[in-house]
Amino acid sequence: MMLKFQDSSQQSVKENSIHINNDDILLAQVLKPYKAHCQYLKSAEITKEGDPQHGGRVIGRCEFSISESCYIDDTGHFNSVEFNICYNQMMYYVIAKSVKERLMASFQSWTMADYWNKQLPDVYIVNFESSFRRAMQSSQFWGEIEFTNIRIKSGMMYIVTKCRYWDDKDGNCSGNVKLAIVNSPQ
């Protein structure tokens, strides 16, 4: 699948950045907890521009396709439930790839076994905001998640992210999501 990106913020790459292409095997493992018809994330690339724990950011740029809604008759547009599911799939993939490739200092002590054990029970959304500016089609669209700040306090990891989605017909929406990971390996 071909990832399509828009606007100039995606064209600027810092000299010290790292770019990692899609990992089909890891993506399949990350999506395994989802029912087959709910595996919306099709591919992802990651760019690291510094470390979120030290003022940098890690960005996942993704391609999605939703052939049919997992919970409702076709609404004809991308909706808030699908926004959240797609966010989760991007977030899980970026964290898994960060553990595997040692991309973020906060995940340096994690093994892949730690990640698989924590993926569902220990990752919490503690604040979720979404804004829909223009209706989006759900058959093919793109998304981006940015990890912008990570703090560890008393065995809890707090992560600040932002995300956005767009399609070929100028549809767009965005959000800000804060996560907490409990029982974080030290």
Point to revise | Carboxylate-amine/guanidinium proximity below 4.0 Å for Glu144 and Arg61 | key: yes

Exercise for review: Check whether any side-chain heavy atom of Asn117 sits under 4.5 Å from a side-chain heavy atom of Trp110, and report yes or no.
Suggested key: no

Study note, to complete from the structure: When every non-hydrogen atom of Ile145 is compared with those of Thr161, the smallest separation belongs to CG1-CB, 4.3 Å

Study note, to complete from the structure: Closest heavy-atom pair, Ile150 versus Ser106, reported as atoms and distance to 0.1 Å, is CG2-OG, 3.0 Å

Review point. So, do Asp168 and Trp142 sit near enough that their side-chain heavy atoms are less than 4.5 Å apart?
Key: yes

Check your understanding: So which heavy atom on Arg133 is nearest to which on Ser174, and how close?
Key -> NH2-OG, 4.4 Å

Check your understanding: Does a donor on one side chain and an acceptor on the other come within less than 3.5 Å for Gln89 and Gln39?
Key -> no

Revision key, fill the gap. For Ile66 and Cys86 the tightest heavy-atom approach is CD1-SG, 4.2 Å

**Study point:** Exam field: side chain Arg151 to backbone Ile159, donor-acceptor pair closer than 3.5 Å
**Key:** no

Exercise for review: Give a yes or no on whether the backbone of Leu103 and the side-chain of Lys48 come within a donor-acceptor separation of less than 3.5 Å.
Suggested key: yes

Check your understanding: Take atom NZ in Lys162; do more than 12 heavy atoms of anything else shown fall under 6.0 Å from it?
Key -> no

Study note, to complete from the structure: Between Gln137 and Phe78, the two heavy atoms sitting closest are O-CB, 4.3 Å

Revision key, fill the gap. In terms of heavy-atom contacts, Tyr34 and Tyr92 come closest through OH-CE1, 3.4 Å

Review point. Does Ser65 use its side chain to pair, donor to acceptor, with the backbone of Ser139 at less than 3.5 Å?
Key: yes

Practice item. Could you check if a side-chain atom of Asn84 sits within less than 4.5 angstrom of a side-chain atom of Val81, using non-hydrogen atoms only? Key: no

Point to revise | Salt-bridge criterion met for Asp51 and Arg57 (N-O under 4.0 Å) | key: no

Practice item. Return yes if a side-chain donor-acceptor contact under 3.5 Å exists between Asp170 and Asn172, otherwise no. Key: no

Review point. Has the side chain of Glu82 got a donor or acceptor atom that lies under 3.5 Å from a matching backbone atom of Asn79?
Key: yes

Exercise for review: Indicate whether the side chain of Ser130 and that of Tyr87 have a donor and an acceptor atom separated by less than 3.5 Å.
Suggested key: no

Point to revise | Leu120 CG: over 12 foreign heavy atoms closer than 6.0 Å | key: yes

Check your understanding: Can you get from Val160 to Ile95 by hopping between Ile, Leu, Val, Met, Phe, Trp and Tyr side chains that sit under 4.5 Å apart?
Key -> no

